[in-house]
Chemist: 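Here it is: the structure, laid out below.
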Amino acid sequence: MLRLKSFKFDQDAEMNALLDTYRLAQGAHVFVSDGLIIIPYEDGEPKTNVQKIIDIKEQKNIILSQLDIIEHSQDVLSNLKEDATRRVNEAKADLAEAEAKKGKEKFDAVKTCTDTLKQAENALKDVENQYLQNTIEIVRLNLNCELFDEKIVELSA
């Protein structure tokens, strides 16, 4: 558990003894304030339930931020899906028109329109797949939040 210890500048032996016994808190720095050196250190004791709840709430906030990004992405993908569907429908109409032609002109037009239709269908499929993956990710992240809430209730009891 995170602890703080303050020393006067001439207490280097005591500071070294503390650091020989405990490690400096992860990501922490030694501070100087009001003529004292303040050392944040980790005493190795488990976190209290209140500290665990704070950690869980921080993790939940990170997930909620991720959800915001994915939900925005879903809106973007919905717009892309509409556009891709429109392009598929146009390509199908062009192919039907090309199939009505005769001779070599028909062959070339059908080949071109078939290629365009395949590309449009692949683009639509990619957008739909990404949308489904995002939907699954939203479910997963929401489940994480629910489990975090259950853990907070458990730790608060």
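Just so you know, residue 1 is the first one in the sequence shown, and it goes up from there. Model, not experiment: these values are computed from the prediction.
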Chemist: Roughly how far apart are Asn144 CG and Ile56 CD1, rounded to 0.5 Å?
Modeler: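 Result: 11.5 Å between the selected atoms.
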Chemist: Specify the closest pair of heavy atoms between Phe148 and Ile63, including all atoms of both residues, with the distance to one decimal.
Modeler: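 Smallest heavy-atom distance, with atoms named: CE1-CD1, 3.5 Å.
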Chemist: Compare every heavy atom of Thr85 with every heavy atom of Leu124, then report the nearest pair and how far apart it is.
Modeler: CD1-OG1, 3.5 Å
Chemist: Counting C-beta onward and ignoring hydrogens, is there a side-chain heavy-atom pair between Lys5 and Ile38 closer than 4.5 Å?
Modeler: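 SC-SC contact between Lys5 and Ile38 ruled out.
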Chemist: Roughly how far, to the nearest 0.5 Å, is CG of Asn61 from SG of Cys145?
Modeler: 9.0 Å
Chemist: State yes or no: do Leu64 and Ile62 share one hydrophobic cluster built from I, L, V, M, F, W and Y residues joined by side-chain heavy-atom distances below 4.5 Å, directly or via other members?
Modeler: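 Different clusters: Leu64 never reaches Ile62 through Ile, Leu, Val, Met, Phe, Trp or Tyr contacts under 4.5 Å.
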Chemist: Taking the side chain as every heavy atom from C-beta outward, state whether Ser6 and Phe31 have any atom pair closer than 4.5 Å.
Modeler: no
Chemist: About how many Å separate CG of Leu80 and CD of Glu128, when rounded to the nearest 0.5 Å?
Modeler: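 Reported value, rounded in 0.5 Å steps: 12.0 Å.
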Chemist: Residues in side chain to side chain donor-acceptor pair (under 3.5 Å) with Glu90, at least two apart?
Modeler: Arg86
Chemist: Show your working on side-chain hydrogen bond (donor to acceptor under 3.5 Å, both in side chains) between Gln130 and Asn134 and close with a plain yes or no.
Modeler: CA-CA 6 Å; Gln130 184 62 53; Asn134 284 358; 2.9 Å; yes
Chemist: Atom CD1 in Ile136, atom CD1 in Ile70: separation rounded to 0.5 Å?
Modeler: 11.5 Å
Chemist: What pairs meet the salt bridge (Lys or Arg N to Asp or Glu O under 4.0 Å) rule with one or both residues in residues 91-102, with sequence neighbours excluded?
Modeler: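 Sorted result for residues 91-102: Lys101-Glu105.
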Chemist: What I'd like to find out is whether the side chain of Tyr131 reaches to under 4.5 Å of the side chain of Lys81, using heavy atoms alone.
Modeler: no
Chemist: Check Val110 against Leu95 and note the closest heavy-atom contact, atom names and distance.
Modeler: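 Result for this residue pair: O-CD1, 3.8 Å.
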Chemist: Between the side chain of Asp43 and the main-chain N/O of Glu45, is any donor-acceptor distance below 3.5 Å?
Modeler: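 Yes; judged by distance alone, with no hydrogens or angles, the pair exists.
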Chemist: Go through the structure and list residues passing side chain to side chain donor-acceptor pair (under 3.5 Å) with Lys125, not counting sequence neighbours.
Modeler: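 Partners of Lys125 under the side chain to side chain donor-acceptor pair (under 3.5 Å) test: none.
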Chemist: Would a hydrophobic clustering, with Ile, Leu, Val, Met, Phe, Trp and Tyr connected at side-chain separations under 4.5 Å, put Leu36 with Leu4?
Modeler: no
Chemist: Check whether more than 12 heavy atoms from other residues, nucleotides or ligands sit under 6.0 Å from atom CZ of Phe7, and answer yes or no.
Modeler: yes
Chemist: Got a sec, which residues hit side chain to side chain donor-acceptor pair (under 3.5 Å) with Asn89, two or more places apart in sequence or on another chain?
Modeler: none
Chemist: Could you measure the distance from the NZ atom of Lys118 to the SG atom of Cys113? Nearest 0.5 Å is fine.
Modeler: 12.5 Å
Chemist: Just grab all the salt bridge (Lys or Arg N to Asp or Glu O under 4.0 Å) pairs involving residues 65-77, residues at least two apart or on different chains.
Modeler: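 Found none.
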Chemist: Please find the pair of heavy atoms, one from Asp149 and one from Lys60, that lie closest to each other, and give the distance.
Modeler: OD1-NZ, 2.6 Å
Chemist: Side chains of Leu77 and Gln74, heavy atoms from C-beta outward: is any pair under 4.5 Å?
Modeler: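 Side-chain contact under 4.5 Å: yes.
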Chemist: I'd like to check Leu117 versus Val88 (side-chain heavy atoms, cut-off strictly below 4.5 Å). Are they in contact?
Modeler: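 Yes, side chains in contact.
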Chemist: Quick one: does Thr112's side chain get under 4.5 Å of Asp115's, heavy atoms only?
Modeler: no
Chemist: Is any side-chain heavy atom of Phe9 closer than 4.5 Å to a side-chain heavy atom of Val32?
Modeler: yes
Chemist: Check whether any side-chain heavy atom of Asp83 lies under 4.5 Å from a side-chain heavy atom of Val127, and answer yes or no.
Modeler: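 Counting from C-beta outward, Asp83 and Val127 never come under 4.5 Å.
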Chemist: Using a 3.5 Å distance criterion without hydrogens, assess whether the side chain of Glu82 forms a donor-acceptor pair with backbone atoms of Asn79.
Modeler: no
Chemist: So with a 6.0 Å cut-off around CZ of Phe107, is the heavy-atom count from everything else above 12?
Modeler: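 Not buried by this count: 12 neighbours or fewer within 6.0 Å.
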Chemist: Does Glu58 form a side-chain contact (heavy atoms from CB on, under 4.5 Å) with Ile54? I'd like the steps, not just the answer.
Modeler: CA-CA 6 Å; Glu58 287 175 346; Ile54 291 168; 4.0 Å; yes
Chemist: What are the two closest non-hydrogen atoms of Leu2 and Glu42, and how far apart are they?
Modeler: N-OE2, 3.7 Å
Chemist: Can you tell me how far apart CG (Leu19) and CD (Glu14) are? Round to the nearest 0.5 Å.
Modeler: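 Those atoms lie 12.0 Å apart.
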Chemist: Could you pull out all residues at least two apart from Asp55 that satisfy side chain to side chain donor-acceptor pair (under 3.5 Å)?
Modeler: Lys47
